[in-house]
2 protein chains.
Amino acid sequence: MRSSDADLIRGFALFRGISDAIFDEVTADAAILDLPPDHVLLTEGERPEHLFLLLSGLIESFSQYNGKTTTLSFLRPPAALIVAAVWMDQPQLHSARTLARSRLATLPARAVRAALATDRAFCEAAGRELSIRYRDIFKELKNQRLRNATDRLANWLLTESQVAGSDEFRIAVGKATLAARLGISGEHISRAFAQLREHGVETDGKEMRINTAKLTAFAKPDPMIDGAEA
Amino acid sequence: MRSSDADLIRGFALFRGISDAIFDEVTADAAILDLPPDHVLLTEGERPEHLFLLLSGLIESFSQYNGKTTTLSFLRPPAALIVAAVWMDQPQLHSARTLARSRLATLPARAVRAALATDRAFCEAAGRELSIRYRDIFKELKNQRLRNATDRLANWLLTESQVAGSDEFRIAVGKATLAARLGISGEHISRAFAQLREHGVETDGKEMRINTAKLTAFAKPDPMIDGAEA
DNA sequence: ACGATTTGTTGACATACATCAATGGAAACC
DNA sequence: GGTTTCCATTGATGTATGTCAACAAATCGT
């Protein structure tokens, strides 16, 4: 592992406040993965052998059942994957694939659990990481239950705009992929975008330009549903 | 607090493996709440002042947005509420109300956070509790995205039957409440039950009798979606 | 620069579910 | 015991979203 990777990893929230000794223990057998786009790195139902840390790129977590596939989240760096599954040593509830060329670190699950069982600071950092993930997915369930497709898209665009820090930005994924993330069909997202044209959304391929005030009035964002947890 | 309550609380997963000293610290200012049915005990958006432990009864967590209400989960004892919100000292993402007369203990959030910040065992127990909750809600999101209303009902009935340990059981809630839990309207659940009559479900008010083999064949339960986490 | 492949859009139609209204039946209250 | 209220069911209809098919537009490979 390159030292630049080690520095990057050290900065993850998962390691905030922990001692160098424990950090070295957990990362002793770390490996780096460089993956091309559209590469499946986790398969639903398998026991986790590693904790994954996303250093760069973009990952989609998804799940399949009865012939259908749904996207559960997009993950951008810095992100830790399958913390809960590793902690409980239980099968992963989702698969994961790269949406872009991505760089990840893998930490042996056994080493992670050993550290959780001995180090308070690591345990606390992991608990806080999990709390954030819990709240994020809780919000996503509310989003799904309480909003229709167009509203979900509108609010997603507002959030992306905030992350980008501009009312003009480029989305990282294709529209079909975005549709899956929002829980709708590829065809339907076209119609949702068409509706949003009346509410301050201009699109040119992946380039978006939004009228924030107008779109906000339409989308009614709510901090109890929208925006990633700190 | 009665000593029988203290014993009950001591047995919660949240306190598994922790020292008596820390247990006493966390529960020093515990209070007991006896609530009638349909009493709101938590309101979405407020900062948590207490961690709640459900000792007996039944609770529904729900959320409202833009005039709509959705039920996120039913909670049965033993259950800990709003662990993530207390840990992060962030606003609760859901409200909660009793569905039946219920007995709860409240632990001051400050004391809980203090213990998390000092005690490894408590931190680990809380992390495991949180992992379980995370996985439960993750499953619920998959359930919502990957199944239609009738399939969700069918699988819910199978799970309830397993919990009851019998193919004959009584559901604890009214059908409208159950409908909300499944994310559908009160009217629609009647039609869903009607469909399931062909697949091994007999109902008489709240009494259910299912043909497990037949219903299983129809419902296609999946451990990656169904059943509470251990 | 060209054809080939993928990705997005649009229309027509099908399905799932919500809503509104009417009714029936069960439980609660004098 | 009768009335009242609540809860569940059913029918009719509306709306949101999915699916299939055709096509258009963008991207890729050579």
Side-chain angles (χ1 to χ4, degrees), chain A residues 36-38 60 64-71 99-101 143-157 170-199 201-208 218-219, chain B residues 36-38 60 64-71 99-101 143-157 170-199 201-208 218-219:
Chain A
D38 205 21
E60 173 194 56
Q64 294 173 297
Y65 169 76
N66 209 17
K68 275 174 289 212
T69 301
T70 191
T71 295
L99 292 177
R101 177 157 197 81
N143 192 36
Q144 183 74 31
R145 284 264 184 94
L146 294 167
R147 287 194 179 129
N148 65 24
T150 309
D151 290 351
R152 291 202 296 279
L153 174 58
N155 282 288
W156 188 86
L157 288 170
R170 158 173 265 268
I171 64 177
V173 301
K175 296 212 173 131
T177 307
L178 175 54
R181 162 68 239 281
L182 297 172
I184 59 184
S185 68
E187 293 90 335
H188 195 76
I189 205 175
S190 273
R191 302 183 228 265
F193 267 115
Q195 274 189 258
L196 291 183
R197 259 178 240 135
E198 307 295 302
H199 299 286
V201 177
E202 287 175 61
T203 68
D204 175 20
K206 293 182 175 174
E207 299 297 335
M208 304 282 140
F218 172 80
Chain B
D38 205 21
E60 173 195 58
Q64 292 172 299
Y65 169 77
N66 210 17
K68 276 173 288 207
T69 301
T70 191
T71 296
L99 292 177
R101 177 156 197 80
N143 192 35
Q144 183 74 32
R145 285 265 184 92
L146 294 167
R147 286 193 179 129
N148 66 21
T150 309
D151 289 350
R152 290 201 296 278
L153 174 57
N155 281 288
W156 188 86
L157 289 170
R170 159 173 264 268
I171 64 177
V173 301
K175 295 210 175 136
T177 307
L178 175 55
R181 162 67 240 279
L182 297 172
I184 58 182
S185 69
E187 292 90 336
H188 194 77
I189 206 176
S190 273
R191 302 183 228 266
F193 268 114
Q195 274 189 258
L196 291 183
R197 259 178 241 136
E198 308 295 302
H199 300 286
V201 177
E202 286 176 62
T203 68
D204 174 20
K206 293 182 176 175
E207 300 296 335
M208 305 282 139
F218 172 79

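Predicted model, so just to flag it, every value in this text is computed and none were measured. Residue numbers start from 1 in every chain, and the chains themselves are labelled A, B, ... in the order their sequence lines are given, proteins ahead of strands.
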Taking C-beta and beyond as the side chain, do [X] and [Y] meet within less than 4.5 Å on heavy atoms?
X: A:Arg170; Y: A:Met208; answer: no
X: B:Leu157; Y: B:Val201; answer: yes
X: A:Leu182; Y: A:Ile189; answer: yes

Atom of B:Thr71, atom of B:Ala180 and distance for their closest heavy-atom approach: OG1-CB, 3.3 Å
Looking only at heavy atoms, which two atoms of B:Ala192 and B:Leu153 are closest? And how far apart? CB-CD2, 3.7 Å
Integer-rounded Å distance: C:dT6 P and A:Lys206 NZ: 15 Å
Could you state the CD1-P distance from B:Ile189 to C:dT19, rounded to the nearest angstrom? 15 Å
Worked verdict on B:Thr150 versus B:Phe193 for side-chain contact (heavy atoms from CB on, under 4.5 Å): CA-CA 8 Å; B:Thr150 309; B:Phe193 268 114; over 6 Å; no
Check DNA chain D against residues 145-156 of chain A and give the residues with a non-hydrogen atom under 4.0 Å, in numerical order. A:Asn148, A:Ala149
Residues of residues 171-186 of chain B with any non-hydrogen atom less than 4.0 angstrom from an atom of DNA chain C: list those, numerically ordered, please. B:Gly183, B:Ile184, B:Ser185
DNA chain D nearest-nucleotide lookup for B:His188 and A:Lys68: closer to the 5′ end is B:His188
Using the side-chain contact (heavy atoms from CB on, under 4.5 Å) rule, take A:Leu178 and A:Ile171 through it: C-alpha gap first, then chi angles, then the decisive distance, then the call. CA-CA 9 Å; A:Leu178 175 54; A:Ile171 64 177; 4.3 Å; yes
Base, backbone or nothing for each nucleotide of nucleotides 20-30 of chain D, written B, S, -, heavy atoms under 4.0 angstrom, 5' to 3'? B----------
Could you go through the side-chain hydrogen bond (donor to acceptor under 3.5 Å, both in side chains) check for A:Arg147 and B:Tyr65 one step at a time? CA-CA 9 Å; A:Arg147 287 194 179 129; B:Tyr65 169 77; 3.2 Å; yes
Under the criterion side-chain contact (heavy atoms from CB on, under 4.5 Å), I'd like the reasoning laid out for B:Arg152 against B:Gln144: C-alpha separation, chi angles, the key distance, then a yes or no. CA-CA 8 Å; B:Arg152 290 201 296 278; B:Gln144 183 74 32; 3.9 Å; yes
Kindly indicate, with the supporting measurements, whether the criterion side-chain contact (heavy atoms from CB on, under 4.5 Å) is fulfilled by B:Asn143 and B:Trp156. CA-CA 10 Å; B:Asn143 192 35; B:Trp156 188 86; over 6 Å; no
